[in-house]
Amino acid sequence: MIKAIIVDDEPLCCQSLQLLLEQNFPDVSIVGVYNNGLTALEGLRSQNVDLVFLDVEMPRMSGFEMLEALGPVNFKLIFTTSYDKYALNALRVSAIDYLLKPIDRRELIAAVEKVRSSSASVNTQQLELLLQKVNQPARPILKIAMPSIEGLEMVPIETILYCESSDNYCYIFLKGGKKMLVTRSMKEMEELLEEYSFARVHRSFLVNLNEVERYVRGDGGYVMMSDGKMIDVSRSKKEELLKKLLR
């Protein structure tokens with residue numbers, strides 16, 4: 001049995017999420033529902049839980065502030081949030097799971113199944129990345145959390161040369177010849193890295209502009225990367241790429 005709590009300042013959201021969980025996961029027991037971060041802190045300190053559904057935007061104490069006040073985390077975590085660019089970017093950097101409101105049944109099922117299949121709770125490095133991004137949004141993040149088939153790896157952004165799509169996953173090519181398969185789509189990688197001098201040059205490729213050694217003109221042309229890799233540039237991406245390279 002998975003013991004879970006829900007933390008959300010909107011009672012209707014709590015009721016809706018609880019109903020979806022009861023309908024789809026008989027092995028998930030809701031042992032607490034809290035409408036603010038302060039009472040949730042008391043609940044978490046007084047009982048052991050396996051999973052927390054945590055709202056990002058709450059008055060008096062946000063979900064991020066609640067985690068910061070709580071200290072070490074020994075449970076699995078799924079954030080719930082309305083679309084907020086800054087919150088979503090922080091969650092993507094840290095690779096902590098989230099659900100967009102209103103919560104879709106299929107997305108909830110996928111998120112809980114993912115949590116169920118993982119033996120690890122949110123780790124300290126993930127929380128550090130998350131809180132750094134939230135508390136100091138102007139400060140550049142040096143690492144991002146990359147979920148892979150094997151687990152989670154903290155990757156320095158400057159070591160990424162380029163990303164290549166592979167169905168719903170991506171291969172990340174790093175300096176030193178290392179290659180890793182991450183469980184992120186190309187769209188997710190583009191959104192995650194767009195503020196770090198990366199550019200989508202092709203449907204299948206996202207490149208680190210700091211590692212582009214040469215652009216060769218053509219119909220779309222191609223770029224030569226620092227490791228010698230030649231990557232085609234699609235015609236639709238050519239103009240945007242040149243603007244970024246000529247800045």
Above 12 or not: heavy atoms from other molecules or residues under 6.0 Å from NZ of Lys175?
yes

Of all the heavy-atom pairs spanning Met180 and Val155, show the shortest one and how long it is.
SD-CG2, 4.0 Å

Walk me through whether Val112 and Lys114 qualify under side chain to side chain contact (heavy atoms under 4.5 Å, CB included).
CA-CA 5 Å; Val112 175; Lys114 182 178 177 182; over 6 Å; no

Please examine the side chains of Asn89 and Glu195, heavy atoms only from C-beta on, and report whether any two atoms are closer than 4.5 Å.
yes

Taking atom CZ of Arg45 as the centre, report whether more than 12 heavy atoms of other residues, nucleotides or ligands fall under 6.0 Å from it.
yes

Short side-chain to backbone donor-acceptor contact, Asn135 and Leu131, under 3.5 Å:
yes

Consider only side-chain heavy atoms of I, L, V, M, F, W and Y, link residues closer than 4.5 Å, and tell whether Ile2 and Leu44 are in one cluster.
no

Residues Glu128 and Lys133 bridged, charged N to O under 4.0 Å:
no

Min side-chain heavy-atom separation Leu130-Gln132 under 4.5 Å
no

Taking the side chain as C-beta and beyond, is there a heavy-atom pair between Val216 and Arg214 under 4.5 Å?
yes

How long is the span from the CD1 atom in Ile109 to the CZ atom in Arg106, to the nearest 0.5 Å?
9.5 Å

What one should report as the nearest heavy-atom pair of Gln126 and Ser94 is NE2-O, 3.1 Å

Tell me the side chain to side chain donor-acceptor pair (under 3.5 Å) pairs involving residues 23-44, sequence neighbours left out?
Asn24-Arg105, Asp27-Arg116, Tyr34-Gln47, Asn36-Thr39

Would you find more than 12 non-hydrogen atoms of other residues, nucleotides or ligands less than 6.0 Å from Met1 atom CE?
yes

In this structure, CG of Asn48 is separated from CG of Asn74 (nearest 0.5 Å) by 6.0 Å

Nearest non-hydrogen partners of Lys143 and Leu129, listed with the distance:
O-CD2, 3.4 Å

Dump the intermediate steps for side chain to side chain contact (heavy atoms under 4.5 Å, CB included) on Leu17 and Leu21, then the final yes or no.
CA-CA 6 Å; Leu17 176 54; Leu21 289 167; 4.0 Å; yes

Could you measure the distance from the CE atom of Met154 to the CD atom of Gln125? Nearest 0.5 Å is fine.
4.5 Å

So does Glu239 have more than 12 non-hydrogen atoms from other groups sitting under 6.0 Å from CD?
no

May I ask whether Ile5 and Val33 are part of the same hydrophobic cluster, defined by side-chain heavy atoms of I, L, V, M, F, W, Y residues being less than 4.5 angstrom apart, directly or through others?
no

Between Ile231 and Met225, does the side chain to side chain contact (heavy atoms under 4.5 Å, CB included) criterion hold? Intermediate values first, please.
CA-CA 8 Å; Ile231 297 176; Met225 303 302 296; 3.8 Å; yes

Looking at every heavy atom in both Ala145 and Pro147, which two are closest together, and how far apart are they?
O-CD, 3.6 Å

Side chain to side chain, Phe198 and Val207, heavy atoms closer than 4.5 Å
no

Where the side chain of Arg200 meets the backbone of Arg203, is there a donor-acceptor pair that is under 3.5 Å apart?
yes

What's the separation between atom SG in Cys13 and atom CG in Asp9, rounded to the nearest 0.5 Å?
8.0 Å

Determine, using the 4.5 Å side-chain heavy-atom cutoff (strictly less than), whether Phe75 and Tyr98 are members of one ILVMFWY cluster.
yes

Just distance, no hydrogens or angles: give the donor-acceptor pairs under 3.5 Å from side chains in residues 156-169, sequence neighbours left out.
{"unit_1": "Thr159", "atom_1": "OG1", "unit_2": "Pro156", "atom_2": "O", "d": "2.7"}
{"unit_1": "Tyr162", "atom_1": "OH", "unit_2": "Asp227", "atom_2": "OD2", "d": "3.1"}

Pair Arg92 + Glu191, salt bridge at N-O below 4.0 Å:
yes

Can you spot which of Val52, Leu54, Ile103, Asp97 makes a side-chain contact (heavy atoms from CB on, under 4.5 Å) with Ile78?
Asp97

Can you find a heavy atom in the side chain of Val201 that is under 4.5 Å from one in the side chain of Asp232?
no

With sequence neighbours excluded, tell me which residues meet ring pair (Phe, Tyr, Trp, His ring centres under 6.0 Å) with Phe53.
none

Atom CG of Leu209 and atom OG of Ser197: how far apart are they, to the nearest 0.5 Å?
6.0 Å

Indicate if Met186 and Tyr171 have the same hydrophobic cluster label, given that clusters are the connected sets of ILVMFWY residues with side-chain heavy-atom separations under 4.5 angstrom.
no

Charged N-O contact under 4.0 Å between Glu10 and Lys101
yes

When you compare the side chain of Leu70 with that of Leu41, does any pair of heavy atoms fall below 4.5 Å?
yes

Can you tell me if Lys244 has over 12 outside heavy atoms packed within less than 6.0 Å of its NZ?
yes

Are Leu67 and Leu99 linked, directly or through other ILVMFWY residues, by side chains that come within less than 4.5 angstrom of each other?
no

Hey, are the side chains of Val49 and Leu51 touching, using non-hydrogen atoms and a 4.5 Å cut-off?
no

Assess Lys179 against Phe173: is NZ or CZ under 6.0 Å from the centre of the six-membered ring, and within 45 degrees of the ring's axis?
no

Note, Met58 side chain near Asp8 side chain (heavy atom, < 4.5 Å):
no

Could you check whether any side-chain N or O of Lys76 sits under 3.5 Å from a backbone N or O of Val115, counting only pairs where one atom can act as donor and the other as acceptor?
yes

Nearest heavy-atom neighbours spanning Met66 and Gly37:
CG-O, 3.6 Å

Under a plain distance cut-off of 3.5 Å, with no hydrogens placed, do Glu57 and Ser82 share a side-chain donor-acceptor pair?
no

To the nearest 0.5 angstrom, please state how far the CG atom of Leu77 sits from the CD1 atom of Ile96.
6.0 Å

Which heavy atom of Cys170 sits nearest to which heavy atom of Met189, and what is that distance?
SG-CG, 3.9 Å

Determine the interplanar angle of the Phe205 and His202 rings, folded into 0 to 90°, and report it as parallel if under 30°, tilted if 30 to 60°, perpendicular if over 60°.
perpendicular

